[in-house]
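Structure, as structure tokens:
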Amino acid sequence: MRHEVRWERMFPDELDAALAACPVCYLPYGLCEPHGPQNALGMDALRAHAYAVRTALACGGIVAPPSYWHIHDFGIYAAWAESRIGQARSWLTAVPPWQWFKNLCYHVRGADALGFEAVIGLTGHAGPHAQDLAFVQDVLQRHFAARIALVPCTRITDAPMAHAGAVETALLWATEPDCVDVSRVPPPDAPGPHFAMAPDAGQANRREGERLLDGIVSRLGGIAKALLADYRAPAAGRQTMPFAELERIWAAEIEPELPNFYCMQQERRGGGEPPPAEGSQWRLNWQVPAP
Ligand SMILES: [Zn+2]
């Protein structure tokens, strides 16, 4: 029998039944970003989406359409890219931090408005924004009945994840085999950079990816279960937040804090990347706007 958990592929009766059975919404995030010559660009969102789909199939819930636009080409992300990507065409699907975080707020609002009791935002893209999620989660949680968890994928596995290295490649291989081609890993002595690939990428092992994936699915299922257990229906009933109220919350509670976000710092706190060279493609948005 058909068992679909991907929102955009479901019929209305299936969505209603899935919500009634398990009111958990997964919001997967990533972007197209260089991940070595051996991985498809969509790596981060492909993984986040696949983790959510496998968890929903096992534990219930609905997986929202993945968002493939995320923070990059900016500030310390640009400085990071200077040595890893160089002047190659990046094929990034990048937006600045304020754009991404505001979209995230709207996505959470949308899930709450539909009656979900637990909302899990899952970002496959790593970076300093991961440290800003807790703040945004706290702000949103004060205003919504649904229980909210904003989770970086690096927190649901203990495996160390070098960018486009053996572990990340193995996880994509386990989840989306068509999106990995290890024959494209360059020979060890080939001069780099190799489209942001980590040096250990050639050791990627699909079986190891599958083993790690089992652990990820069980951690994610645990988060969903804990959020549902924490949910309390408001005594006055669920209220749907209008767009105008979300704009008010954004302007009053999040926007003023943006200059303090980790992802808005020019350099990683406690040591950073050197500035991109004059004339580099990474110089354009490297300088963070003054608060
Ligand atoms: Zn990645």
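Note: hydrogens, waters and symmetry copies are ignored here, and every other heavy atom, side chains too, is used. Each ligand, and each atom within it, is numbered from 1 in the order the structure gives. Here the structure is a predicted model, which means the values were calculated and not measured.
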**Request:** Report, as yes or no, whether the 6.0 Å neighbourhood of atom CZ on R238 holds more than 12 heavy atoms from other residues, nucleotides or ligands.
**Result:** yes
**Request:** Could you go through the salt bridge (charged side-chain N to carboxylate O under 4.0 Å, His left out) check for E245 and R109 one step at a time?
**Result:** CA-CA 10 Å; E245 174 61 4; R109 180 219 160 264; over 6 Å; no
**Request:** Determine which of the N, O or S atoms in D44 is closest to the Zn ion (ligand 1) and give its atom name.
**Result:** OD1
**Request:** Could you tell me whether R142 atom CZ has more than 12 heavy atoms of other residues or ligands within 6.0 Å of it?
**Result:** yes
**Residues in side chain to side chain donor-acceptor pair (under 3.5 Å) contact with E14, at least two apart in sequence or another chain** = R2
**Prompt:** Closest to the Zn ion (ligand 1), which N/O/S atom of E168 is it?
**Reply:** OE2
**Message:** I'd like to know if the Zn ion (ligand 1) has an N/O/S atom from E33 within less than 2.8 Å of it, counting both backbone and side-chain atoms.
**Reply:** no
**Item:** Residue H35 atom name (nearest to the Zn ion (ligand 1); N/O/S)
**Value:** NE2
